[in-house]
Student: 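Before I ask anything, here is the structure I am working with.
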Amino acid sequence: MSADTHRRYEVLRERLRTRPGVAPSILSADFLRLGVQIAEAEAAGAVAIHVDVMDGRFVPNISIGLPVAGAVRRATDLAVEAHLMIVEPERYAEAFAQAGADIVTVHVEATTHLNRLLTAIREAGAVPGVTLNPATPLVMLEEVLPLVGLVLVMSVNPGFGGQRYLPESTARVAALAALRAERGLDFIIEVDGGITAATIGPVVGAGSDLLVAGSAMYNANGSVAANMERLRDGFG
Ligand code: DX5
Ligand code: ZN
């Protein structure tokens, strides 16, 4: 693992031991002002930056790719996570690590040789993350838990920002937290989709460490700082 990635991941891991943190998803940011929007999030206390990569195949939407991930890397010293919502992530995961993503998160549904892929991400210098759609049983990733630094629980069907939080996700987070404790593992538990000031409380209560927020962070209702404050108030 590259030294900077190791440091950024460890800083994130340690911060989350004291208090859950928010990772803004730049999907809802103003791309014309991306650098400013990232700086605003960082000043407001964001602990990581979440980059949603969509290919129009794994999910019915196309978003951003390698050049933007590289630009985000240069804009911040926070940990940068690439959430790959793409088919055959083994074709691009190493390139995202090389572009500067500290955490490269892949879907269990998108690849056949998950163990090999997670190992390749680590060898490429990044922290491997794994994620699963709301309809995929948690048991699908049990075998690879010792290989990852982060598990992302999708709380919407991936593809779009601004969707409604699926309430059954809360029990999945609790089950994953119990499994982590039982197995003595230390991966970060992240939740992605529909996180707002109204939904964040129970998700944190269930044992998540890191909450992705796209439309609740970047919107016309308030500044990034005010929106971050509102989210924080949601979990006390
Ligand atoms: C969903 C993406 C999410 C999304 C979150 O496909 O993976 O990261 O941007 O957006 P909100 O917070 O608006 O649900
Ligand atoms: Zn995401």
Side-chain angles (χ1 to χ4, degrees), residues 12 20-31 34 37-38 41 44 46-65 68-69 72 78-87 89 92-93 96 101-110 126-136 148 150-170 172-173 188-204 208-222 224 227-228 230-232 234-235:
L12 172 64
V22 175
S25 161
I26 59 163
L27 188 63
S28 294
D30 177 355
F31 287 135
L34 189 52
Q37 297 254 279
I38 290 171
V47 296
I49 302 294
H50 186 89
V51 179
D52 283 308
V53 180
M54 304 179 181
D55 66 352
R57 301 267 293 132
F58 183 72
V59 292
N61 196 8
I62 297 176
S63 59
I64 51 177
V68 176
V72 173
L78 293 176
V80 173
E81 177 189 19
H83 173 196
L84 302 188
M85 289 163 277
I86 64 176
V87 297
Y92 295 101
F96 277 93
D102 301 298
I103 305 168
V104 178
T105 300
V106 296
H107 272 263
V108 57
E109 304 88 357
V127 175
V130 70
T131 183
L132 71 189
N133 289 334
T136 304
V148 302
L150 177 147
V151 176
L152 169 59
V153 176
M154 284 310 301
S155 44
V156 296
N157 289 296
F160 303 93
Q163 301 183 83
R164 195 178 62 86
Y165 178 81
L166 295 171
E168 59 270 29
S169 312
T170 312
R172 283 159 67 79
V173 172
I188 293 167
I189 298 180
E190 182 182 42
V191 181
D192 184 8
I195 299 293
T196 66
T199 60
I200 200 169
V203 192
V204 166
S208 55
D209 309 300
L210 185 58
L211 295 309
V212 176
S215 54
M217 183 62 45
Y218 297 112
N219 56 47
N221 304 333
V224 170
N227 289 336
M228 178 68 89
R230 232 169 275 154
L231 278 175
R232 288 237 185 86
F235 62 87

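Ligands are counted one by one from 1 in listed order, and the atoms in each one are counted from 1 as well.
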Student: I want to check something: taking the side chain as every heavy atom from C-beta on, are Asn133 and Pro158 in contact at a cut-off of under 4.5 Å?
Tutor: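 Yes; the side chains approach each other to less than 4.5 Å.
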
Student: Would you check if Val224 and Met217 make a side-chain contact, meaning some heavy-atom pair closer than 4.5 Å?
Tutor: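 Yes, side chains in contact.
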
Student: Is it the case that atom OH in Tyr165 sees more than 12 heavy atoms from other parts of the structure closer than 6.0 Å?
Tutor: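 Atom OH in Tyr165 is crowded, with more than 12 foreign heavy atoms closer than 6.0 Å.
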
Student: Between Asp192 and His83, which heavy-atom pair has the shortest distance, and what is it?
Tutor: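 Result for this residue pair: OD2-ND1, 3.2 Å.
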
Student: Tell me which residues fall inside the under-4.0 Å heavy-atom shell around ligand 1.
Tutor: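 Heavy-atom contacts below 4.0 Å: Ser25, Leu27, His50, Asp52, Met54, His83, Met85, Met154, Pro158, Gly159, Phe160, Gly161, Gly162, Asp192, Gly193, Gly194, Val212, Ala213, Gly214, Ser215.
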
Student: Identify the two heavy atoms, one from Ser155 and one from Val191, that lie closest to each other, and give their separation to 0.1 Å.
Tutor: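 Scanning both residues, the minimum pair turns out to be OG-CG1, 3.4 Å.
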
Student: Which atom pairs, donor and acceptor, lie under 3.5 Å between side-chain atoms of residues 193-203 and protein residues at least two apart or in another chain?
Tutor:
from, atom 1, to, atom 2, distance (Å)
Thr196, OG1, Ala198, N, 3.1
Thr196, OG1, Thr199, N, 3.2
Thr196, OG1, Thr199, OG1, 3.4
Thr199, OG1, Gly194, O, 2.9
Thr199, OG1, Thr196, N, 2.9
Thr199, OG1, Thr196, O, 3.4

Student: Suppose we screen for side-chain hydrogen bond (donor to acceptor under 3.5 Å, both in side chains). Which residues come up paired with Ser208, at least two apart in sequence or across chains?
Tutor: none

Student: With a 4.5 Å limit on heavy-atom distance, are the side chains of Ser25 and Tyr218 in contact?
Tutor: no

Student: Heavy-atom distance under 4.5 Å between the side chains of His50 and Leu210, does that happen here?
Tutor: no

Student: By residue and atom, what protein N/O/S atoms are less than 2.8 Å from the Zn ion (ligand 2)?
Tutor: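 The answer, once waters are left aside, is His50 NE2, Asp52 OD1, His83 ND1, Asp192 OD2.
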
